[in-house]
Asks: 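I'd like to ask some things about the structure below.
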Amino acid sequence: MPVPADLDPGDLDPDDLDPDDLDPDDLDPGDLGSLVAERSVLVCAGAGGVGKTSVAAALAVQAATLGRRAVVVTIDPARRLADALGLDGLTNDPHRVAGPWPGELHAAMLDTRATFDALVARYAASETQTAEILQNRFYRNISHALSGTQEYMAAEKLYELHVADRFDLVVVDTPPTRQALDFLDAPGQLKRFLDHRVYRLMTSGKRGMTGVLNRAGFAVLRTAGRLVGAPVMEDAIAFFTAFEGMEAGFRQRAQQVHSVLRSPATAFVVLTGPQLDTVTEAAFFLRRLRAEGLETAAVVANRVTPRFVEDEATLARLRELAGGPDRPPGEGEGEAEGGAGAAAGLAALAAAVLDQHDLADDEDAILAQLSIAPSARVPLLDHDIHDLDGLDDLRRLLFEV
Amino acid sequence: MDPSAFFTSSAVHIVAGKGGVGKTTLTAGLGLAAASLGLDVLLVEIEGRGGLPGLFGRNRLHYREETLAQGVRARSLSAEEALVEYLADHGFGPLARRMIDTGLVEVVSRGAPGMKDILLLGKIKQLERAGAADVILVDAPASGHAVTFLRSPRGLLDAVASGPINSQAREVLELLTDAARCQVLLVTTAEETPINELVETAFSLEDEIGLHLGPVLVNGVLPDRHLPADVRRAAKRAGVVLDVGVRRALETASAYVRRRVDAQQSQLSRLDELLPLTRLTVAQRPTAGLAHAHLPALADELLAAIRAA
Ligand SMILES: Nc1ncnc2c1ncn2[C@@H]1O[C@H](COP(=O)(O)OP(=O)(O)OP(=O)(O)O)[C@@H](O)[C@H]1O
Ligand SMILES: Nc1ncnc2c1ncn2[C@@H]1O[C@H](COP(=O)(O)OP(=O)(O)OP(=O)(O)O)[C@@H](O)[C@H]1O
Ligand SMILES: [Mg+2]
Ligand SMILES: [Mg+2]
């Protein structure tokens with residue numbers, strides 16, 4: 001499977017989160033403001049639900065605010081956000097979003113199949129070859145079911161928009177893979193798929209069953225056919241046969257995409273929530289970036305519990321108001337009409353503020369395990385982010401403007 | 001609802017929902033709850049990537065089952081190991097090993113999506129048939145994937161017209177569509193996007209696959225403490241003097257917490273309108289690192305919710 005054995009996330013233990021493990025000197029803790037102002041590609045990565053889609057869009061809004069021509073490629077945005085960005089229906093091609101900024105904001109929603117189809121058309125020798133592949137059942141299945149295809153196509157789309165010169169900044173959202181690193185590895189995966197012995201076995205199959213190797217190979221293919229059914233095997237062989245001659249193009253493209261991901265024009269924005277599991281993943285991703293020799297990453301902590309009190313005196317007063325933990329609510333000191341109820345209400349409120357405060361402390365301790373301090377901390381808002389105003393709120397919180 | 005009846009109404013319970021809503025946490029909580037009733041529980045993790053072992057203080061689970069707590073066993077299924085076992089059991093001779101070693105099965109199974117899923121579901125079916133436990137709880141992949149996962153037998157029946165995969169798909173489908181053997185417990189949080197996804201998932205699972213849906217579990221619900229909206233007035237009536245700093249903190253906090261509670265409550269009403277299923281709610285825990293120590297209380301809360309349903 002796509003995750004190499006030595007990176008098995010199962011080995012990750014929260015205790016492994018040794019801050020020294022990540023030498024801050026190796027990764028340049030990029031400042032979010034200058035990344036958005038200067039870079040040409042930003043990749044938002046992180047665990048599921050941490051806010052990749054929302055933050056990617058807010059970064060593009062900030063770039064537009066700075067006067068840049070920005071495009072955000074989102075993946076499966078919530079329907080209301082898609083509506084707000086004018087992305088109703090699949091729009092694999094960027095579409096301009098009107099707004100009060102000097103620059104330009106464009107948005108596209110990744111369509112994995114369409115992106116893959118376009119890639120096939122680009123590298124096929126003829127229209128016949130394109131048609132043959134696009135109609136093949138095996139292709140239709142792998143073009144969306146091959147694990148990592150979505151990541152690969154997101155990288156492909158990024159490359160396409162980056163080289164097109166229509167945009168100063170391409171911001172990409174990444175799919176909610178548990179391990180965001182599939183994205184980094186996506187072009188490599190296709191190369192490995194093409195390098196695979198089975199691929200070679202299948203494409204050599206049609207050159208005759210004369211060689212010893214081929215005969216043995218044929219027996220394996222036949223047995224596999226017995227297991228999965230002959231039609232599936234036939235489709236697979238037909239696909240690999242039709243694909244012949246295109247590997248070189250695909251390989252070269254994968255190499256180019258790979259280079260852009262690693263170029264100094266690109267930076268990664270690693271998102272995390274305040275929960276231990278999302279922080280563990282962010283740390284893992286940072287470690288992976290460093291292992292890949294990638295230099296810049298900014299960390300954003302999103303959905304952090306807000307604090308309503310800062311000073312010790314207020315906290316002490318709130319503790320008084322909340323009462324001892326054993327005192328049943330309602331036994332307040334009120335004498336007036338409804339005084340007991342009101343006192344209980346105040347006590348409950350004070351207790352809620354203290355609970356939030358404790359939770360914020362917990363979260364701080366967890367976030368402190370990241371060796372790169374988050375360049376922004378965005379509080380958990382009391383509302384969803386589903387329109388341009390919401391994105392603007394998020395943008396202000398990210399850039400403290 | 002009587003909790004024992006709930007847990008034994010079908011042998012296999014598939015816990016599914018959007019990413020991050022709490023599937024793994026609730027699978028563990030339900031497991032402990034069932035075990036506390038004296039039932040014999042098997043937790044099943046798919047393609048080990050989740051936090052199930054972590055909740056029981058382990059690093060990982062294995063294909064081989066192991067005991068995690070009194071009455072709770074667990075195992076992690078992988079398609080590859082299920083395939084090896086399957087091929088060995090179905091007389092695929094010496095070529096079987098080579099098929100796996102060359103990666104042929106891996107490559108081909110990508111072209112017939114669902115091949116992996118059918119191996120995993122086939123293994124679950126085998127466990128159910130063998131009476132491996134009173135209650136088998138499956139921590140399913142996130143919902144988009146769960147629908148694909150559970151739809152795979154139908155898809156494969158069309159794609160593969162005969163042979164062992166076909167009969168495997170047929171038998172798995174029988175399990176999935178038999179309410180006395182299998183039900184799906186959908187998990188969501190009280191937020192817009194997860195609820196939308198839940199409703200879509202519910203309809204696909206029921207209409208397209210014929211699965212039986214059990215109660216919906218709504219996780220992370222904030223308790224409504226009926227906090228005072230008007231802090232100044234509450235203080236006056238309670239005869240408490242608040243200085244400005246304290247009052248402001250309380251006002252901001254009250255507005256924030258009440259808006260979040262209200263938003264959740266309106267999402268819950270929306271869910272009730274959209275989906276006529278019993279719902280069980282589980283409270284948000286004030287912690288950033290839910291762990292083993294929280295599980296007993298979670299199990300009790302689930303039992304109480306089932307009883308009250
Ligand atoms: N700071 C915030 N406060 C409150 N809600 C937020 C905040 N950031 C994001 N959200 C909400 O959290 C949910 C998840 O955000 P988003 O969809 O951007 O995450 P994601 O990482 O792209 O998720 P996925 O992994 O499922 O693609 C959305 O409903 C979004 O509106
Ligand atoms: N009731 C709760 N109170 C507080 N935290 C919770 C609660 N339920 C779950 N969590 C936390 O929320 C996060 C997600 O939970 P969990 O891993 O169970 O979700 P999941 O649906 O299995 O996610 P995935 O789709 O990634 O497998 C974890 O950090 C977990 O500790
Ligand atoms: Mg997203
Ligand atoms: Mg999980």
Side-chain angles (χ1 to χ4, degrees), chain A residues 9-10 13 48-49 78-79 138 141-142 145-146 176 178 196-199 201 219-220 223-224 226-229 232-233 235-236 239 274-277 306 308-309 314 317-318 321 332-339 342-343 345-346 348-350 352-353 355-356 358-359 362-363 366 382-384, chain B residues 18-20 48-49 51 59-60 87 92-93 95-96 98-99 102-113 115 142 159-166 191-193 196 225-228 231 233-235 237-240 243 245-246 249-250 252-254 256-257 259-260 263 286-289:
Chain A
D13 198 290
R79 207 166 302 137
F138 185 86
N141 291 328
I142 61 161
L146 178 63
R178 193 72 225 185
H196 206 287
R197 289 158 66 189
V198 176
Y199 170 74
L201 187 80
V220 175
T223 310
R226 201 149 61 80
L227 178 69
V228 301
V232 173
M233 279 313 287
D235 287 340
F239 166 73
Q275 294 83 12
L276 184 58
D277 49 351
F308 299 104
V309 224
T314 309
R317 179 73 178 114
L318 289 176
L321 284 172
E333 43 278 282
E335 313 98 309
E337 271 276 312
L346 274 185
L349 181 51
V353 178
D355 278 354
Q356 290 242 359
D358 290 347
L359 182 53
D362 262 17
E363 294 179 356
I366 288 172
D382 57 18
H383 57 269
D384 233 48
Chain B
K18 184 176 161 46
R49 279 188 157 196
N59 272 333
R60 62 175 64 217
L87 292 175
F92 265 88
L95 280 178
R98 242 197 99 196
M99 270 165 51
T102 53
L104 180 64
V105 176
E106 169 90 39
V107 169
V108 172
S109 66
R110 289 169 163 177
M115 207 67 90
V160 186
S162 62
I165 290 290
N166 178 280
E191 284 176 284
E192 176 157 327
T193 315
N196 290 345
R225 298 220 167 85
H226 303 285
L227 299 180
V231 173
R233 182 153 165 266
R237 293 176 72 185
V240 176
D243 70 44
V246 175
L250 290 174
T252 322
S254 173
Y256 177 83
V257 173
R259 269 201 296 270
R260 289 196 63 214
T287 172

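The chains referred to below are lettered A, B, ... by the order of the sequence lines, with proteins before strands, and numbering in each begins at 1. Heavy atoms only: backbone and side chains are in, while hydrogens, waters and symmetry mates are out.
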Asks: For B:Ala253 versus A:Val353, what's the shortest heavy-atom pair and its separation?
Replies: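 Result for this residue pair: CB-CG2, 3.3 Å.
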Asks: Return the option, out of A:Val309, A:Asp235, A:Leu359, with the maximum number of heavy-atom pairs under 4.5 Å with chain B.
Replies: A:Leu359
Asks: Measuring only between side-chain heavy atoms, which start at C-beta, is A:Leu349 closer than 4.5 Å to B:Val257?
Replies: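 No, side chains not in contact.
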Asks: For A:Thr314, enumerate each residue passing the side chain to side chain donor-acceptor pair (under 3.5 Å) test, keeping only those at least two apart in sequence or located in another chain.
Replies: A:Asp311
Asks: For chain A, find which of B:Asn196, B:Val246, B:Val231, B:Leu250 contributes the most heavy-atom pairs closer than 4.5 angstrom.
Replies: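 Between B:Asn196, B:Val246, B:Val231, B:Leu250, the count favours B:Leu250.
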Asks: Kindly give the heavy-atom pair with the smallest separation between A:Ala342 and B:Ala234, and that separation in Å.
Replies: CB-O, 3.4 Å
Asks: Mind checking side chain to side chain contact (heavy atoms under 4.5 Å, CB included) for A:His383 and listing every partner two or more places apart, or none if nothing turns up?
Replies: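 Applying side chain to side chain contact (heavy atoms under 4.5 Å, CB included) to A:His383 gives A:Leu381, A:Asp393.
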Asks: Are any non-hydrogen side-chain atoms of B:Asp243 and A:Arg317 less than 4.5 angstrom apart?
Replies: no
Asks: Which pair of heavy atoms, one from B:Ala288 and one from A:Pro274, lies closest together, and at what distance?
Replies: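 Looking at all heavy atoms of both residues, the closest pair is CB-O, 3.8 Å.
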Asks: Distance from A:Leu346 atom CG to B:Leu227 atom CG, nearest 0.5 Å?
Replies: 10.0 Å
Asks: Measure A:Ala352 against the heavy atoms of chain B and call it side chain, backbone, both or neither at under 4.5 Å.
Replies: side chain
